[in-house]
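All residue numbers refer to positions in the sequence shown, counting from 1. Heavy atoms only: backbone and side chains are in, while hydrogens, waters and symmetry mates are out.
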Amino acid sequence: MDKTTTERIVVARDWLKGQLDISADFWLKHGIDAENGGIYTCLDREGRIYSTDKSVWMQGRCAWTYSYLCHVYGARDEWLGAAKSCLGFLEDHCVNHGAGDRLYFTVTAEGKPLRQRRYNFSEGFYCIGNAEYYGVTGEAEHLARARRAYELIYGLNNGLIEDPAGLGPKTIAETRAGRSLGDSMIFLNIISIMRRVDPANTEEYDRHASECVARITGEHYRPELGCTLESVNLDGEPELWYTAGRVVNPGHDIECSWFLMDEAEYRQDEELFKTACDIFRLAIEAGWDDEFGGLLYFIDAKGLPPEAYEHDMKLWWPHDEALIASAKAYRHTQDPYYLEWLFKVLDYCKAHFADPEYGEWYGYLRRDGVPTMPSTKGSTFKGPFHVPRALCMTEQTLTQIARS
């Protein structure tokens, strides 16, 4: 690696670390609820709360983020305190004990339930928040909570148990049923965290990871179509004659690619790493907007009109995933293709998402890169997770590259 490339990497690394410090402090300063516990994430540009309803996803994600920062950079009281507050709020208010310990989706400021969803992502973020906190503190109860949630998710994803919430699938199962990429890819990421903090159950985690990889690479990844599909039928086959069967989410695919990269490096499986890189390449080349820059939110596998009205928006998190994936791919392959994508995405994030005046990143942009909600930094879906995770992981990866 030449001197100029090394210098570019170091400059990028230092900017990312500075942004991480700003992001982590933003949510601690403005979001933590000292009265009820947990975190508010509906914050405006300056950090003022514009809705006191709380996202259950974000309680678990926040706990994971600040615990993970402790894992990477060393424990800090304010980080552990934020994680503990969110985990306590989750346990006291967000578990629906009347529905098999499924978790709610949103609750009030005090923790009264507002909404339950059929998806088990609340349980997934509860799982990783508790697991990461256990990894830092060694408090066994948090591993027990993570294990219970892990087993519940596995049962739901694989049809081993009936959904105790009783909500059922989105479509009439007798007419149309299928499998979602999100279930396998998110569970693969959950597994990687559980395996790291709970090595006693490595054999089980390895087996479940293999099942996820087989579904992702054998069913959703479709090189013959030049994409990775969000959904397939129960036989693992595409259904391309209706819009939902053709949905491609480039950000999801890119996030999935680095989950697979991590699994491939764990297994020392070069073929799997190559597949992960192919998934990244197909997604970022098809999803990148050559006219305005940035990643489109949804595209159609056959180039037909996407149904989602937000399909041409630019959201924060796909770009976060592209930073992580491109850095990991370059570290492993040393192929400058991935480094150039890293710099290209980073330049877009600097120009459009980062807010040098008030800190943190905007979440939602129009296709032309102008924020759709210029006064908004957080929402039910955006909080201290994708941005700090990407900043931390990419900074760490670039540090490793610069030292090599």
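Judged by the 6.0 Å distance and 45° axis criteria, K314 is not positioned over the aromatic ring of F353. A cation-pi arrangement, defined by a distance under 6.0 Å to the six-membered ring centre and an angle within 45 degrees of its axis, is absent between R215 and F187. A cation-pi arrangement, defined by a distance under 6.0 Å to the six-membered ring centre and an angle within 45 degrees of its axis, is absent between R195 and Y205.
Side-chain contact check for E271 and T275: no donor-acceptor pair (N or O, by modelled atom type) lies under 3.5 Å. Using modelled atom types and a 3.5 Å distance limit, the side chains of E270 and H332 yield a donor-acceptor pair. When only modelled atom types and interatomic distance are considered, R76 and Y66 share no side-chain donor-acceptor pair under 3.5 Å. Side-chain contact annotation: E307 with T243, donor-acceptor N/O pair under 3.5 Å present. A donor atom on one side chain and an acceptor atom on the other are found under 3.5 Å apart for Y266 and D206. Side-chain atoms of E204 and Y150 form no donor-acceptor pair, as typed in the model, at a separation below 3.5 Å.
With E123 contributing its side chain and L103 its backbone, the two residues share a donor-acceptor pair below 3.5 Å. Y297 places no side-chain N or O within donor-acceptor distance of the main-chain N or O of P318, the cut-off being under 3.5 Å. For the pair N158 (side chain) and L160 (backbone), a donor-acceptor distance under 3.5 Å is absent. Checked by atom type and distance alone, the side chain of R246 pairs as donor or acceptor with a backbone atom of L240 at under 3.5 Å. Counting only distance, with no hydrogens or angles, the side chain of S326 and the backbone of L323 share a donor-acceptor pair below 3.5 Å. A donor-acceptor pair is defined here as one N or O able to donate and one able to accept, closer than 3.5 Å; no such pair exists between the side chain of H142 and the backbone of A131. Counting only distance, with no hydrogens or angles, the side chain of T333 and the backbone of A329 share a donor-acceptor pair below 3.5 Å. R102 places a side-chain N or O within donor-acceptor distance of the main-chain N or O of R117, the cut-off being under 3.5 Å. Here the side chain of H319 pairs no donor or acceptor atom with the backbone of V345 at under 3.5 angstrom. Here the side chain of Q268 pairs no donor or acceptor atom with the backbone of A264 at under 3.5 angstrom.
Atom NZ of K350 has more than 12 neighbouring heavy atoms from other residues, nucleotides or ligands inside a 6.0 Å radius. Counting heavy-atom neighbours within 6.0 Å of Y242 OH, excluding the residue itself, gives a total above 12. The number of heavy-atom neighbours closer than 6.0 Å to CD of E162, taken from other residues, nucleotides and ligands shown, is 12 or below. Annotation for E224: atom CD counts as buried by contact number, over 12 foreign heavy atoms lying within 6.0 Å. The 12-atom threshold is exceeded at CZ of R207, counting heavy atoms of other residues, nucleotides or ligands nearer than 6.0 Å. In the displayed structure, K84 atom NZ is contacted under 6.0 Å by at most 12 heavy atoms of other residues, nucleotides or ligands.
Atoms CZ and CG, from R13 and L391 in turn, are 14.0 Å apart once rounded to the nearest 0.5 Å. Taking OG1 of T65 as the start and CH2 of W79 as the end, the distance is 11.0 Å to the nearest 0.5 Å. One finds the CD atom of E78 at 8.0 Å from the SG atom of C70 (value rounded to the nearest 0.5 Å). With rounding to the nearest 0.5 angstrom, the NE2 atom of H208 is 12.0 Å from the CD1 atom of I153. To the nearest 0.5 Å, the span separating CD1 on I9 from CD1 on I401 amounts to 5.5 Å. The distance from atom CH2 of W316 to atom CZ of F385, rounded to the nearest 0.5 Å, is 11.0 Å.
Proximity of P164 to L156: side-chain heavy atoms (C-beta onward) are separated by under 4.5 Å at one or more points. Using a 4.5 Å heavy-atom threshold, the side chains of F298 and E310 count as touching. In this structure the side chain of P113 never reaches within 4.5 angstrom of the side chain of N96, judged on heavy atoms. Within the 4.5 Å cutoff, the side chain of Y221 has heavy atoms near those of the L282 side chain. Using a 4.5 Å heavy-atom cutoff, the side chains of V387 and D320 are in contact. You'll find the side chain of V107 stays beyond 4.5 Å of the side chain of H93, heavy atoms only. Residues N189 and W258 have side chains in contact (heavy-atom distance under 4.5 Å, counting atoms from C-beta outward). The side-chain heavy atoms of V197 and V136, taken from C-beta on, include no pair separated by under 4.5 Å.
Here the closest heavy-atom approach between residue I32 and residue A82 is recorded as CD1-CB, 3.9 Å. Closest of all the heavy-atom pairs between D33 and E35 is OD1-N, 2.9 Å.
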- Verdict with supporting geometry, K17 and D14, salt bridge (Lys or Arg N to Asp or Glu O under 4.0 Å): CA-CA 5 Å; K17 183 59 169 65; D14 291 348; over 6 Å; no

- Message: Checking L20 against L69 for the side chain to side chain contact (heavy atoms under 4.5 Å, CB included) test, could you report, in this order, the C-alpha distance in whole Å, the side-chain angles of both residues, the deciding distance, and whether it holds?
- Response: CA-CA 10 Å; L20 174 60; L69 292 179; 4.1 Å; yes

- Task: Go through the steps for V11 and W15 under the test side chain to side chain contact (heavy atoms under 4.5 Å, CB included), then give the verdict.
- Result: CA-CA 6 Å; V11 169; W15 185 83; 5.7 Å; no

- Task: Dump the intermediate steps for salt bridge (Lys or Arg N to Asp or Glu O under 4.0 Å) on K29 and D25, then the final yes or no.
- Result: CA-CA 6 Å; K29 180 179 179 180; D25 290 346; over 6 Å; no

- Before giving the answer on side-chain hydrogen bond (donor to acceptor under 3.5 Å, both in side chains), spell out for Q400 and S404 the whole-Å C-alpha distance, their side-chain angles and the decisive distance to 0.1 Å. CA-CA 6 Å; Q400 294 164 4; S404 63; over 6 Å; no

- Item | L16 vs L346, side chain to side chain contact (heavy atoms under 4.5 Å, CB included): CA-CA, chis, key distance, verdict | CA-CA 9 Å; L16 291 164; L346 187 60; 3.9 Å; yes

- Message: Would D289 and R367 count as a salt bridge (Lys or Arg N to Asp or Glu O under 4.0 Å) here? Give the steps.
- Response: CA-CA 8 Å; D289 184 345; R367 186 185 171 198; 2.7 Å; yes

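For F105 and W57, the distance between ring centers is under 6.0 angstrom. A ring-centre distance under 6.0 Å is found for W317 and H252. Aromatic ring centres of F125 and W64 lie farther apart than the 6.0 Å criterion allows.
R331 is linked by a salt bridge (Lys or Arg N to Asp or Glu O under 4.0 Å) to E265, counting only residues two or more places apart in sequence or in another chain.
Using a 4.0 Å cut-off between charged nitrogen and carboxylate oxygen, K112 and E110 do not count as a salt-bridge pair. Between K344 and E340, none of the side-chain N atoms (NZ, or NE/NH1/NH2) sits under 4.0 Å from a carboxylate O, so this pair counts as no salt bridge.
Between Y119 and F121, the ring-plane angle classifies as parallel under the 30° and 60° cut-offs.
Residues in residues 373-390 take part in these side chain to side chain donor-acceptor pair (under 3.5 Å) pairs, two or more places apart or across chains: E255-R389, E321-R389, D355-K377, E360-K382, Y364-S379.
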